[in-house]
> 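Sharing a structure below in structure tokens format, with a few things to ask.
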Amino acid sequence: MTSLQLLTEPSSLSSSNFIPFNPLYKTLTKPTTKHYPKPSPIRSVLQYNRKPELAGDTPRVVVITSGKGGVGKTTTTANVGLSLARLGFSVVAIDADVGLRNLDLLLGLENRVNYTVVEVLNGDCRLDQALVRDKRWSNFELLCISKPRSKLPLGFGGKALVWLVDALKDRQEGCPDFILIDCPAGIDAGFITAITPANEAVLVTTPDITALRDADRVTGLLECDGIRDIKMIVNRVRTDLIRGEDMMSVLDVQEMLGLSLLGVIPEDSEVIRSTNRGFPLVLNKPPTLAGLAFEQAAWRLVEQDSMKAVMVEEEPKKRGFFSFFGG
């Protein structure tokens, strides 16, 4: 894991012209010639004093999938995508869920989607007209494949999505750094279409047996399709349930799936509020724990890094009155 070196050396503090302020008496004291010692460097785990170094060739086409629905794929796509944009990278998020798209709702861009990929393929509009640019971060763009209640042409499939990714690479505005594909639930034709142009994958799962079974199945399908760079995000983790042995720990999930860990997202009630407002967690001020976890996951995604899971100690079992007698 990378380390941060944050230097706090204010030049004005070490100067002899510094006049300290006394808030108790609201008066200024006379200047003194005392020299303040330089503070020692503060070291932390995160690296917020520098921009992460982009690893790999651009554009990096990343599919965010899970197999099971409701584990947080779309939430992960929205928050990781905006985190990458805040780090200074150009991002295009593609909502590949053609029947039940929701990424525009989480981003608050549902009223600005006028054209989709279907209109681009039919020749009704240009590709740049279908791209919706976020007003908050101009280097983040959204692209929807179809509108709700509309039918896709029968010829739309993996080849059409590959053509779309190639068109994004060759556009006049420049090639984006990241192309995030929000994969639909299940392993049917929509899943096959979404993973076709990708060269790496982020698998989102929750620590329950149903999601882990589907995640294990999806991992095998991704490897069969030639995607070897697969990392995992464990969502909706509750340490209180892990201590009480009512939920599997992140270490157990990692041992079952055998994947590199990209991030651990704690359970946060702010997710529902941000979803209903169309305001992603990473934009909240002050930030929430889940929002910070998404930012850390985006940082690791840029540098193709991973994290290590930490064991959560179990709570000691309660001892009753008869335990003194061996009961």
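What you see is a predicted model, and the numbers here were worked out from it, not measured in a lab.
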> Taking all non-hydrogen atoms of both residues into account, name the closest pair between Pro59 and Cys175 and its distance.
CD-SG, 3.2 Å
> If I compare all heavy atoms of Ala298 with all of Ser83, which pair ends up nearest, and what's the gap?
CB-CB, 3.5 Å
> Just how far is it from atom CZ of Arg213 to atom OG1 of Thr205, taken to the nearest 0.5 Å?
13.0 Å
> What heavy-atom pair brings Thr193 and Leu161 nearest, and what distance separates the two atoms?
O-CD2, 3.1 Å
> Would you please name every residue forming a side-chain hydrogen bond (donor to acceptor under 3.5 Å, both in side chains) with Asn199, sequence neighbours left out?
none
> So, Asp182 side chain and Thr77 main chain: donor-acceptor pair closer than 3.5 Å or not?
no
> In residues 85-92, what donor-acceptor pairs under 3.5 Å come from side-chain atoms, sequence neighbours left out?
{"residue": "Arg86", "atom": "NH1", "partner": "Val282", "partner atom": "O", "Å": "2.3"}
{"residue": "Arg86", "atom": "NH1", "partner": "Glu295", "partner atom": "OE2", "Å": "3.0"}
{"residue": "Ser90", "atom": "OG", "partner": "Asp177", "partner atom": "N", "Å": "2.9"}
{"residue": "Ser90", "atom": "OG", "partner": "Asp177", "partner atom": "OD2", "Å": "3.4"}

> Measure the CG-SG distance between Leu131 and Cys144 for me, rounded to the nearest 0.5 Å.
10.0 Å
> Between Val302 and Phe178, is the side chain to side chain contact (heavy atoms under 4.5 Å, CB included) condition met? List the steps.
CA-CA 9 Å; Val302 171; Phe178 286 91; 4.1 Å; yes
> Give, for atom CG of Asp240 and atom CG of Asp246, the distance between the pair rounded to the nearest 0.5 Å.
8.5 Å
> Identify every side-chain donor-acceptor pair in residues 225-234 under 3.5 Å, counting partners at least two apart or on other chains, and give the distances.
{"residue": "Asp229", "atom": "OD1", "partner": "Lys231", "partner atom": "NZ", "Å": "2.9"}

> Among pairs that include at least one residue of residues 53-64, which meet salt bridge (Lys or Arg N to Asp or Glu O under 4.0 Å), considering only residues two or more places apart or in two chains?
Arg60-Glu200
> Using salt bridge (charged side-chain N to carboxylate O under 4.0 Å, His left out) as the criterion, list what pairs up with Asp134, not counting sequence neighbours.
Arg136
> Please answer: with hydrophobic residues joined when any side-chain heavy atoms are less than 4.5 Å apart, are Leu212 and Val264 in the same cluster?
yes
> Would you say the side chain of Leu168 lies within less than 4.5 Å of the side chain of Leu127, judging by non-hydrogen atoms?
yes
> Measure the spacing between CG of Leu301 and OG of Ser306 and express it to the nearest 0.5 Å.
12.0 Å
> Please list, chain by chain and in numerical order, all residues satisfying side-chain hydrogen bond (donor to acceptor under 3.5 Å, both in side chains) with Asp214, sequence neighbours excluded.
none
> Do the side chains of Ile192 and Leu203 join up, straight or via other hydrophobic residues, at under 4.5 Å, putting them in one cluster?
yes
> Tell me every residue that passes side-chain hydrogen bond (donor to acceptor under 3.5 Å, both in side chains) with Thr219, counting only those two or more places apart in sequence or in another chain.
none
> Looking only at heavy atoms, which two atoms of Val162 and Pro197 are closest? And how far apart?
CG2-CB, 3.9 Å
> Assess the residue pair Leu82 and Trp137 against the criterion (side chain to side chain contact (heavy atoms under 4.5 Å, CB included)); give the C-alpha distance rounded to whole Å, side-chain angles, the decisive distance to 0.1 Å, and a yes or no.
CA-CA 8 Å; Leu82 278 178; Trp137 296 93; 4.1 Å; yes
> Tyr115 and Val118: same hydrophobic cluster, using ILVMFWY side-chain contacts below 4.5 Å?
no
> Do you know which two heavy atoms are closest between Gly158 and Thr196, and how far apart they sit?
CA-OG1, 3.8 Å
> For residues 251-262, dump all side-chain donor-acceptor pairs below 3.5 Å to protein atoms at least two apart in sequence or in another chain.
{"residue": "Asp252", "atom": "OD2", "partner": "Ser249", "partner atom": "N", "Å": "3.4"}
{"residue": "Asp252", "atom": "OD2", "partner": "Ser249", "partner atom": "OG", "Å": "3.1"}
{"residue": "Gln254", "atom": "NE2", "partner": "Leu259", "partner atom": "O", "Å": "3.4"}

> Side-chain atoms of residues 104-114: list all donor-acceptor pairs with protein atoms under 3.5 Å, sequence neighbours left out, distances to 0.1 Å.
{"residue": "Asp104", "atom": "OD2", "partner": "Arg101", "partner atom": "NE", "Å": "3.1"}
{"residue": "Asp104", "atom": "OD2", "partner": "Arg101", "partner atom": "NH2", "Å": "3.2"}
{"residue": "Arg112", "atom": "NH1", "partner": "Arg133", "partner atom": "O", "Å": "2.8"}
{"residue": "Arg112", "atom": "NH2", "partner": "Arg133", "partner atom": "O", "Å": "2.9"}

> Sequence neighbours excluded, which residues qualify as side chain to side chain contact (heavy atoms under 4.5 Å, CB included) partners of Pro287?
Leu292
> What donor-acceptor contacts under 3.5 angstrom involve side-chain atoms of residues 63-71, with partners at least two apart or in another chain?
{"residue": "Ser66", "atom": "OG", "partner": "Lys68", "partner atom": "O", "Å": "2.6"}
{"residue": "Ser66", "atom": "OG", "partner": "Lys73", "partner atom": "NZ", "Å": "3.2"}

> Please check this pair: side chain of Glu119 against backbone of Thr116, looking for a donor-acceptor N/O pair closer than 3.5 Å.
yes
> Measure across Thr58 and Pro176 and return the closest heavy-atom pair with its distance rounded to 0.1 Å.
CB-O, 4.3 Å
> Does atom CZ (Arg171) have a neighbourhood of more than 12 heavy atoms from anything else shown, all under 6.0 Å?
yes
> Using 0.5 Å steps for rounding, measure from the CZ atom of Arg217 to the CG atom of Leu222.
11.0 Å
> Do Ser146 side-chain atoms and Val98 backbone N/O form a donor-acceptor pair below 3.5 Å?
yes
> Quick one: list whatever passes side-chain hydrogen bond (donor to acceptor under 3.5 Å, both in side chains) with Asn139, sequence neighbours left out.
none
> Treat each ILVMFWY residue as a node, draw an edge where side-chain heavy atoms are under 4.5 Å apart, and state whether Met247 and Ile209 are in one component.
yes
> How about Phe191: does its CZ atom have over 12 heavy atoms from other parts shown lying under 6.0 Å from it?
yes
> As an exercise, state the distance from CG of Asp128 to CG of Leu143, rounded to the nearest 0.5 Å.
11.0 Å
> Side-chain heavy atoms nearer than 4.5 Å, only ILVMFWY residues, links allowed to pass through others: does that put Trp163 and Ile145 together?
yes
> When you compare the side chain of Leu180 with that of Leu84, does any pair of heavy atoms fall below 4.5 Å?
yes
